[in-house]
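All remarks here apply to the structure that follows.
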Amino acid sequence: MVEWTDKERAIITGIFSKLDYDDVGPKALCRCLIVYPWTQRYFGAFGNLYNAEAIKSNQKIADHGKTVLHGLDRALKNMDNIKETYADLSVLHSEKLHVDPDNFKLLGDCLTIVVAAKMGSAFTAETQAAFQKFLAVVVSALGRQYH
Amino acid sequence: MSLTDKDKATVKALWAKIQKSADAIGADALYRLFTVYPQSKIYFSHWSDLGPNSSSVKAHGKKVMGGVALAVSKIDDLTRGLLELSEQHAFQLRVDPANFKLLSHCILVVIATMYPQDLSPEVHVCLDKFLANLALALSERYR
């Protein structure tokens, strides 16, 4: 079981309470598709992803970015039970979406960069450590049901 | 994933902008490495202070960014340009190359916090590629 200190819980809930989901979600997903272009393979039905401009102005991608970021809310509300919380989503990503679980880490890294850019100096080393620990737990839970 | 002319130009332009903060970036990135990836501290067990205000951390951060500056100047042939540093890391320091990726990530995070407007996704991909190629050149002499 993952142990969270009170400080870590406070940091993580603090980050999400101030987060503009409608801005950060799309930004994180767009960044992932641009920085790691092979991730575009999962978005064949989303229309024009031909270049960075097209990706950034793609409404379907923007909407999906919001969906993915809200997906993290589940972990936020169940921090002591993230493994079980993501069991269904893990099966979905494995059986239906066929997403390589390595990609979860790539998206997590892009989300970290976007949050860092938004928070500036408030994104201290301690904040980064707590946030990345949270993402690592989510990533691990999402990859659990793959076989 | 080798560097295109566009990648090189983008990296050089960004470096021109941020190099005045190189020392601060290095110190912050190194401290973040220790905080976020505590296993990296094993290479610095000889330091008494690994805190954010440690003179050792600041001095070493400056040294590391000196290496990055060297890499920018040798961007057209990183393998040859970083040969000496590679030998040092391979034979003396024997740093597990996995750590290069971790420090690269921390450098990106620091630049994001300090220069948010300058690290667009288009610039991010170029810098990420550059740091990956830098790490590869640094690993050249390992085996």
Side-chain angles (χ1 to χ4, degrees), chain A residues 5 7-8 11-12 15 20 23-24 26-40 49-58 61-62 65 102 105-136, chain B residues 1 3-4 6-7 10-11 14 18 21 24-41 50-54 57-58 61 98 101-133:
Chain A
T5 64
K7 191 91 199 276
E8 284 170 338
I11 288 173
I12 292 159
I15 292 173
D20 181 354
D23 182 50
V24 170
K27 278 192 172 144
L29 185 56
C30 284
R31 193 169 283 259
C32 189
L33 297 173
I34 292 166
V35 178
Y36 308 109
W38 54 93
T39 57
Q40 292 169 26
L49 301 179
Y50 190 60
N51 53 35
E53 281 316 306
I55 292 170
K56 287 197 269 193
S57 54
N58 186 314
I61 292 292
D102 282 351
K105 188 182 178 302
L106 299 182
L107 180 57
D109 285 349
C110 286
L111 180 59
T112 302
I113 297 289
V114 172
V115 170
K118 283 224 122 175
M119 291 181 66
S121 56
F123 196 68
T124 63
E126 198 182 20
T127 305
Q128 183 185 346
F131 190 60
Q132 288 197 208
K133 178 177 170 178
F134 176 74
L135 291 178
Chain B
M1 297 188 241
L3 300 175
T4 62
K6 180 149 186 258
D7 291 329
T10 304
V11 168
L14 180 67
I18 70 175
S21 315
I25 293 173
D28 193 359
L30 202 56
Y31 179 63
R32 280 173 195 272
L33 181 71
F34 297 151
T35 309
V36 182
Y37 308 104
Q39 70 270 26
S40 62
K41 292 191 286 187
L50 287 160
N53 298 311
S54 153
V57 173
K58 286 184 184 161
K101 224 177 176 186
L102 305 181
L103 183 56
S104 294
H105 172 70
C106 289
I107 290 172
L108 281 167
V109 169
V110 172
I111 294 175
T113 62
M114 289 173 81
Y115 298 90
Q117 306 304 328
D118 296 292
L119 199 63
S120 65
E122 296 92 315
V123 172
H124 178 169
V125 62
C126 300
L127 190 57
D128 194 60
K129 284 175 74 177
F130 168 68
L131 291 171
N133 279 277

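We use all heavy atoms of the structure for the numbers below, so side chains are in, but hydrogens, waters and symmetry mates are not. All of these numbers come straight from a predicted model, not from anything done at the bench. Every chain is numbered from 1 and lettered A, B, ... according to where its sequence line falls, protein lines coming before strand lines.
For the pairing with Val35(A), the side chain to side chain contact (heavy atoms under 4.5 Å, CB included) check across Val123(B), Val125(B), Leu108(B) returns one residue only, Val125(B). Considering Ile111(B), Val109(B), Thr113(B) in turn, Val109(B) is the only one that fulfils the side chain to side chain contact (heavy atoms under 4.5 Å, CB included) rule with Ile113(A).
Listed by chain and number, the residues in a side-chain hydrogen bond (donor to acceptor under 3.5 Å, both in side chains) with Asp109(A) are Lys105(A) (sequence neighbours excluded). For Lys41(B), there are no side-chain hydrogen bond (donor to acceptor under 3.5 Å, both in side chains) partners two or more places apart in sequence or in a different chain.
The residue among Ile55(A), Thr124(A), Thr112(A), Val114(A) with the most heavy atom pairs within less than 4.5 Å of chain B is Thr124(A).
Shown here for Ala125(A) and Val36(B), the closest heavy-atom pair between the two residues is O-CG2, 4.0 Å. Looking at every heavy atom in both residues, Ala117(A) comes nearest to Pro116(B) through O-CB, 3.5 Å. Taking both residues in full, the closest heavy atoms of Lys56(A) and Pro121(B) are given as NZ-CD, 4.3 Å, listed atom of the first, atom of the second, then distance. When all heavy atoms are compared, the tightest approach of Glu122(B) to Ile34(A) is N-CG2, 4.3 Å.
Distance check: Tyr36(A) OH to Met1(B) CE gives 9.5 Å after rounding to the nearest 0.5 Å.
Side-chain contact between Gln132(A) and His105(B): present, with at least one pair of heavy atoms (C-beta onward) separated by less than 4.5 Å.
Looking at Tyr37(B), only its side chain comes within 4.5 Å of chain A, counting heavy atoms on both sides.
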List the steps and the verdict of side-chain contact (heavy atoms from CB on, under 4.5 Å) for Gln128(A) and Val110(B).
CA-CA 10 Å; Gln128(A) 183 185 346; Val110(B) 172; over 6 Å; no
